Every structure is written in structure tokens, then in C-alpha cells.
Student: 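Here it is, the structure in full.
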There are 2 protein chains.
Amino acid sequence: MLAYIEAMSNTPFVAVIDLLRASALIQERFAGELGSVHGLALGEALLLMHLERAPLQRLTRVDLAKRLHASASTVTRMAAPLEKTGFVIRQSDPRDARLAYVALTEAGLAAVREVRQTLEKRSAELFRDRWSEDDIAALAHLLGRLTAGEPGTLV
Amino acid sequence: MLAYIEAMSNTPFVAVIDLLRASALIQERFAGELGSVHGLALGEALLLMHLERAPLQRLTRVDLAKRLHASASTVTRMAAPLEKTGFVIRQSDPRDARLAYVALTEAGLAAVREVRQTLEKRSAELFRDRWSEDDIAALAHLLGRLTAGEPGTLV
DNA sequence: CCAATATACTTGCATACGGAAGTATGTTGG
DNA sequence: CCAACATACTTCCGTATGCAAGTATATTGG
């Protein structure tokens with residue numbers, strides 16, 4: 001009862017805690033199939049999805065870092081194996097030699113489209129039980145407001 | 001426009017993607033102050049909060065692992081520095097010698113209460129702009145449905 | 001023009017994580 | 001009773017991450 005009262009008076013905190021728990025749950029549930037079926041980590045999939053939605057389907061490493069909420073060094077190291085697989089290639093900017101774009105290849109585009117389908121399937125399964133279309137839409141809308149200020153689009 | 005149509009027909013996917021992004025955003029924003037003010041990582045704070053809400057304010061390592069969506073080895077290693085700090089102590093079960101409880105100490109209880117206050121403040125700030133009480137409550141309720149099956153209570 | 005500063009990226013280092021293997025204890029079926 | 005299996009925990013190993021430092025290029029202010 002006390003927990004209930006406390007929860008009612010601390011709605012933002014409850015939302016944040018449940019959001020973190022839901023995120024961990026989703027990552028746990030999605031990572032396995034993503035790795036075994038597509039050979040990609042969740043982070044790599046998100047990286048490719050950002051590229052897919054970017055102009056010219058390419059982004060600099062710092063832009064990717066901001067979109068992925070990761071450090072620049074992490075992006076550098078994430079790009080290396082994807083480059084080796086042939087999903088991305090390195091491109092330089094003739095006007096600014098500091099920039100090293102991570103650009104999606106044809107193979108990468110094909111891969112990210114398959115990955116997206118897998119993620120869509122699993123996402124739908126997540127709400128299969130006792131969730132109305134309106135509930136899901138409401139959740140998506142509210143979460144969208146939280147991420148409204150973030151750079152980049154993934155869907 | 002195409003993205004808009006696609007988004008509308010893939011609401012579960014949109015919700016999942018935005019949930020992951022919101023989670024990364026929150027972790028990024030909370031981790032700094034949590035570390036500098038309380039000397040704790042976000043994961044350590046969640047561990048202590050689980051202990052605070054558990055019966056006898058203690059849990060076995062496997063229970064903690066389930067609640068934290070972490071591996072058993074991770075919990076073992078997370079508990080070590082907390083034990084060194086004096087926030088938790090190791091307890092054994094007289095009936096089952098395999099069990100090694102992680103139990104909250106008085107110092108740990110004091111620490112987790114302060115951490116909780118910090119998290120509550122930051123959580124409130126997250127919704128300070130353009131969020132009505134009803135919006136926050138709706139979000140908390142929907143996220144609560146996602147984590148309803150999870151073991152343990154944090155709020 | 002150029003010195004100072006800012007930006008983009010990479011690499012070294014310390015830390016954190018999951019999975020597999022190992023150890024210890026508990027449970028179960030014959 | 002005890003052999004086979006299950007459970008709880010720890011340690012080892014490979015991998016991933018952030019931060020700080022280093023390099024290279026671009027921009028800015030005098």
C-alpha cells in the first residue's frame with residue numbers, strides 16, 4: 001500500500017524506472033535472434049538503420065556517435081567489422097579531409113532491410129497479448145515525445 | 001511522407017525503437033551525476049534499489065541477475081566493490097550452503113535513499129517541459145504493462 | 001599570414017560484460 | 001543409499017566500451 005501511494009506521487013520516477021527495465025528486457029529478447037540470424041549485434045543494426053535513413057545513406061562518425069549515444073571511439077571500432085563484412089565503406093570528403101563517412105553499401109542496404117523486418121516481427125510479438133492498437137499507438141506517441149529532440153530518424 | 005505512412009503501419013516497431021532511444025538518453029543523462037555525487041554506476045544503484053525492496057532487504061545473486069537482466073558473473077563482480085564500500089554484506093543460508101545472499105547494510109540503505117532522491121529529481125526534470133501529469137501517468141502505466149511480468153519491484 | 005583554437009578521427013588503457021568451464025552443494029530416481 | 005542431474009556461485013577469457021592522449025585538418029582572430 002505504501003509502495004502504491006509512493007508510486008502515485010512519483011509518476012516520473014516510475015516511468016523512468018519502468019522504461020529502463022523495458023529497455024533491458026527488449027535488448028535481452030532481441031539480441032539473440034539478431035545475432036544468430038543476421039550475425040549482427042543490436043548496436044550494429046541500429047548503426048545501419050541510421051545510415052539507411054540518412055541523406056546519401058552515409059554519416060560521419062561523430063554524427064553516428066550522437067545518434068547512437070555512443071563515444072566516437074566506439075563508432076570507429078563498430079565500423080571496422082561492418083566494413084570488413086562489406087555492409088559499409090569508408091568515404092572521405094573532398095572539402096574536409098578530417099571527415100570519414102561511414103556509407104551504406106548495396107549489401108548493407110539489403111542486410112538492414114532484412115534486419116528491420118526481423119525487428120518489426122519481434123516488436124509486434126512484444127505487444128501481441130492484451131495490447132490494443134490504441135494502446136500501442138499511445139505508447140509510441142509518448143515515447144516519441146521523449147526522443148523528439150534527438151538527432152536522426154530510425155523509422 | 002513515405003516514412004510517415006510506414007510509421008503509422010508499424011506502431012509496435014516505432015514504440016520499440018523510441019523506447020531504446022529514450023533508454024539510452026536517460027542512461028546518458030543520469031550516469032554522470034550518479035557517479036560524481038554518489039560514486040555509483042547506474043547498475044549499482046539499481047542493484048541497491050532491488051535490495052531495498054526485497055524481503056529482509058537481501059537477495060541471492062541469481063535473483064539479482066534476473067532482476068537486473070544481467071548474467072550471474074556480472075552480479076558477482078558488481079557485488080564485490082559494493083561490499084568493499086560497506087553498502088552490502090555477504091550472507092549465507094544455513095539451509096542451503098550454495099546460496100550467497102547480497103544483503104543491504106545500514107550504510108547501503110542510507111545511500112540508496114539518497115540515490116533514489118537524486119533519480120526522482122532527474123526524472124521529474126525529464127518531463128518538466130510540455131508534459132501534463134496525465135501524460136506522465138499514461139506513459140508510466142503503459143510501460144508498467146510491459147514490465148508487469150518481470151520479477152521484483154523497484155518503486 | 002599565421003598562431004591559437006576547434007573539430008574529426010584513431011589508438012592505448014582501464015574497466016565492464018557475457019558465456020563457458022570449474023567447484024560446491026542440493027535434489028531426485030532407482 | 002547413491003548415482004545422475006540440477007542449482008548457485010566463481011573464475012577465466014574474449015569482446016565491447018568510454019576516456020584520455022595523440023595526430024591531422026580546418027577555422028578564427030589579430
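Values reported hereafter were calculated over all heavy atoms of this structure, with side chains retained and with hydrogens, waters and symmetry mates removed. Convention: sequence-line order gives letters A, B, ...; per-chain numbering from 1. Quick caveat, the model's predicted, so the values are computed rather than measured.
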Student: When you measure from the side chain of B:Ser92 to the backbone N and O of B:Ala100, does any donor-acceptor pair fall under 3.5 Å?
Tutor: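 Side chain of B:Ser92 to backbone of B:Ala100: no pair is present.
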Student: Between A:Thr105 (side chain only) and A:Gly86 (backbone N and O only), is there a donor and an acceptor less than 3.5 Å apart?
Tutor: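 The answer is yes, because a donor-acceptor pair under 3.5 Å joins these two groups.
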Student: If I take atom NZ in residue A:Lys84 and atom P in nucleotide D:dT15, what distance separates them, rounded to the nearest angstrom?
Tutor: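 From A:Lys84 NZ to D:dT15 P: 14 Å.
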Student: Could you check how far CG of A:Leu46 sits from P of D:dA16, rounded to whole Å?
Tutor: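 So the CG-P distance, A:Leu46 to D:dA16, works out to 15 Å.
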Student: Which side-chain hydrogen bond (donor to acceptor under 3.5 Å, both in side chains) pairs, counting each pair once, include a residue from residues 31-46 of chain B, with sequence neighbours left out?
Tutor: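 Sorted pair list: B:Glu33-B:Arg122, B:His38-B:Thr118.
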Student: For A:Ala97 and A:Ser71, take the nucleotide of DNA chain D holding the closest heavy atom to each; which residue's nucleotide lies nearer the 5' end?
Tutor: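 Of the two residues, A:Ser71 wins.
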Student: Within the structure shown, what part of the strands sits under 4.0 Å from B:Ala41 by heavy-atom distance: base, sugar-phosphate, or nothing?
Tutor: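 If one applies the 4.0 Å heavy-atom cut-off, B:Ala41 turns out to touch nothing in the nucleic acid.
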Student: Considering all heavy atoms of both residues, which atom of A:Leu146 and which atom of B:Leu25 are nearest to each other, and what is their separation?
Tutor: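 Where A:Leu146 meets B:Leu25 most closely, the heavy atoms are O-CD2, 4.4 Å.
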Student: Quick one: are B:Leu20 and A:Leu154 in side-chain contact, heavy atoms under 4.5 Å?
Tutor: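 A side-chain contact is absent here, since even the closest heavy-atom pair is not under 4.5 Å.
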Student: Residues from residues 17-39 of chain A sitting under 4.0 Å of DNA chain C, heavy atoms only?
Tutor: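 Listed by number, there are none.
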Student: Taking the side chain as every heavy atom from C-beta outward, state whether A:Leu48 and A:Val115 have any pair of such atoms under 4.5 Å apart.
Tutor: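 A:Leu48 does not reach A:Val115 side chain to side chain.
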Student: For the pair made of CG in A:Leu42 and P in D:dT17, what is the distance, rounded to whole Å?
Tutor: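 After rounding, the gap between these two atoms is 11 Å.
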Student: How would you summarise protein contacts on nucleotides 6-12 of chain C per nucleotide, using B for base, S for sugar-phosphate only and - for none, with heavy-atom distances below 4.0 Å?
Tutor: BBSSBBB
Student: In whole Å, I'd like the distance from the CE atom of A:Met78 to the C1' atom of D:dT17.
Tutor: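 Whole-Å distance recorded here is 11 Å.
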Student: Answer whether the closest heavy-atom distance between the side chains of A:Leu139 and B:Arg145 falls below 4.5 Å.
Tutor: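 Side-chain contact under 4.5 Å: no.
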Student: Answer yes or no: is there a donor N or O on one side and an acceptor on the other, between the side chain of B:Thr60 and the main chain of B:Leu99, under 3.5 Å?
Tutor: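 The answer is no, because no donor-acceptor pair under 3.5 Å joins these two groups.
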